[in-house]
2 protein chains.
Amino acid sequence: MMVEQDGDLTDKCAQVRKRCSSTTREAILDSAMRRFARHGFECSGVREIAADAGVTAALVNRYFGSKEGLFAAVIERAFDVGDLLECDPAELARRLAVHIVRSRENRQGDKPTPLLLLLRTAAEPGAVNLLRQNLDRNFVGKLAARLEGPDTQHRAAMVAALMTGFATLDQSLKCSAIEEDDRQRLIEKMTGYLDQWIRG
Amino acid sequence: MMVEQDGDLTDKCAQVRKRCSSTTREAILDSAMRRFARHGFECSGVREIAADAGVTAALVNRYFGSKEGLFAAVIERAFDVGDLLECDPAELARRLAVHIVRSRENRQGDKPTPLLLLLRTAAEPGAVNLLRQNLDRNFVGKLAARLEGPDTQHRAAMVAALMTGFATLDQSLKCSAIEEDDRQRLIEKMTGYLDQWIRG
DNA sequence: ACAGGAAGTCAACGAGCGTTTACTTCGTGA
DNA sequence: TCACGAAGTAAACGCTCGTTGACTTCCTGT
């Protein structure tokens, strides 16, 4: 019941890839990222993840100990926002808006699914604790540190809330009112919304 | 692994409840609502749901055909926002803010879990289509109809996005920056945020 | 009071899951 | 070159899940 047909997510290099643990590890992390972001933790089977990476399920457990261990590794990598927040505060809102809106374009692309998609797993008992810690530490905390004025923690949390909610409605629920907008218009609007909290 | 201990959700009336299909149906819907909202669709077992309602799993399928049928019935009931939106537009923002913030208080209470918690299931393949339709029809659509000015659909969607994101961070991820605020302060802030979109 | 039908139970099924063990295949340093 | 350890596979285990069909229990209209 309710099967969702995926495209061919199989790593094209898998057929010719040499035996190399680090490369394979990365391939597994990539396909796990895509699966978890698309279907959540519970709905992603290790067999599917492994198949996407061109290996078998047994190898996933060999490298990551368990499915939960794999998820932890994915989260750790995904919440590394890199230099996303490192810019002029005046540019921050636009940068975040581009980041969250642009992700719509990657829906069928082969690029790794963006950070916010991982919030799809926010309901799942095994995932929520890992997510919470990483969100606090790697996003809200870092963003708050770059804000000025009062209530930086709270404002940063609200930025995360808006981004989360937007991503949910846009990418998961595919809310029609959002879907009808074009990309540039969405970026403009989101920039304005986010800026209100960033400025304070 | 990762078992989450629930309180005793069992319907206390179950032991003495007379045999009555409609009453039992409602009891099943109630416990299903709580389970789905807390753990999502895939992580909620029909055996647990049935046990909470004081019956067996077989009866759930008897009444609702399947687990998916049960979910559809829950969604249908949950997205009936009733008269939530029917008020002076100037009061709308506060009303929605109270609705979404107040739900924190019910976390361990015995009241039915509020509407927005259902968005926890937004990642699950079998749930997302049902959710999308009901969200568009019963919330965004109705809210947009009550707004004035341009872009009513889009602004209504943004209200839903903020509420969704806030609910996710607050009730699912339990983001610390939000959790530290007290209830009244949160309501004030959310009212302001929501009002910006409602006014246009 | 009692038959009949509705309400509810019980036990088992088949499928899918994560995981493990024993095995095979490959890359590479001496 | 070739043996040895790393990389990867195959198959099965135990468990849980949703679902089903035959069964029992209770309420109710006559």
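All of these numbers come straight from a predicted model, not from anything done at the bench. Lettering follows sequence order; numbering is per chain, from 1.
- Counting to the nearest Å, the C1' atom of dT19(C) and the CG atom of L70(A) are 14 Å from each other.
- At the heavy-atom level, S44(A) lies under 4.0 Å from the strands shown only through sugar-phosphate atoms.
- Here the C1' atom of nucleotide dG18(D) and the CZ atom of F36(B) are 12 Å apart, to the nearest Å.
- Rounded to whole Å, atom P of dT19(C) lies 5 Å from atom CG of N61(A).
- Taking atom NZ on K67(B) and atom C1' on dG18(D), their separation rounds to 8 Å, with Å as the unit.
- Nucleotide dC17(D) holds its C1' atom 15 Å from the CD atom of E68(B), rounded to whole Å.
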task: Verify side chain to side chain contact (heavy atoms under 4.5 Å, CB included) between F36(A) and I49(A), making sure each step is shown before the conclusion.
output: CA-CA 9 Å; F36(A) 286 149; I49(A) 292 171; 3.9 Å; yes

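- In this structure, R35(B) places its CZ atom 16 Å from C1' of dG18(D), rounding to the nearest Å.
- If you measure from atom CZ of F64(B) to atom P of dT19(D), you get 13 Å, rounded to the nearest angstrom.
- Legend: residues meeting salt bridge (Lys or Arg N to Asp or Glu O under 4.0 Å) with R94(A), ordered by chain and number and at least two apart, are E188(A).
- Contacts of R132(A) classified as side-chain contact (heavy atoms from CB on, under 4.5 Å), with partners at least two apart in sequence or in another chain: D136(A), K174(B), S176(B), E179(B).
- Using a cutoff of 4.0 Å between basic side-chain nitrogens and carboxylate oxygens, D30(B) and R77(B) are scored as salt-bridged.
- Without hydrogens or angle criteria, K67(B) side chain to S44(B) main chain gives a donor-acceptor distance under 3.5 Å.
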Restricting to nitrogen or oxygen on both sides, can you table the protein-nucleotides 12-16 of chain D pairs closer than 3.5 Å?
{"from": "dA12(D)", "atom 1": "N6", "to": "R47(A)", "atom 2": "NH2", "distance (Å)": "3.4"}

Listing, residues 54-62 of chain B side-chain donor-acceptor contacts under 3.5 Å, not counting sequence neighbours, or none:
none

Under a 4.0 Å heavy-atom criterion, the protein footprint on nucleotides 4-10 of chain C, written with B, S and -, is --BBBBB

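- Remark: D151(B) pairs with R185(A), K189(A) by the salt bridge (Lys or Arg N to Asp or Glu O under 4.0 Å) rule, at least two apart or across chains.
- With hydrophobic clusters built from ILVMFWY side chains whose heavy atoms lie under 4.5 angstrom apart, V46(A) does not share a cluster with V74(A).
- As rounded to whole Å, 10 Å separates atom C1' of dC17(D) from atom CD of E48(B).
- When the shell of 6.0 Å around CZ of R137(B) is examined, it contains more than 12 heavy atoms from other residues, nucleotides or ligands.
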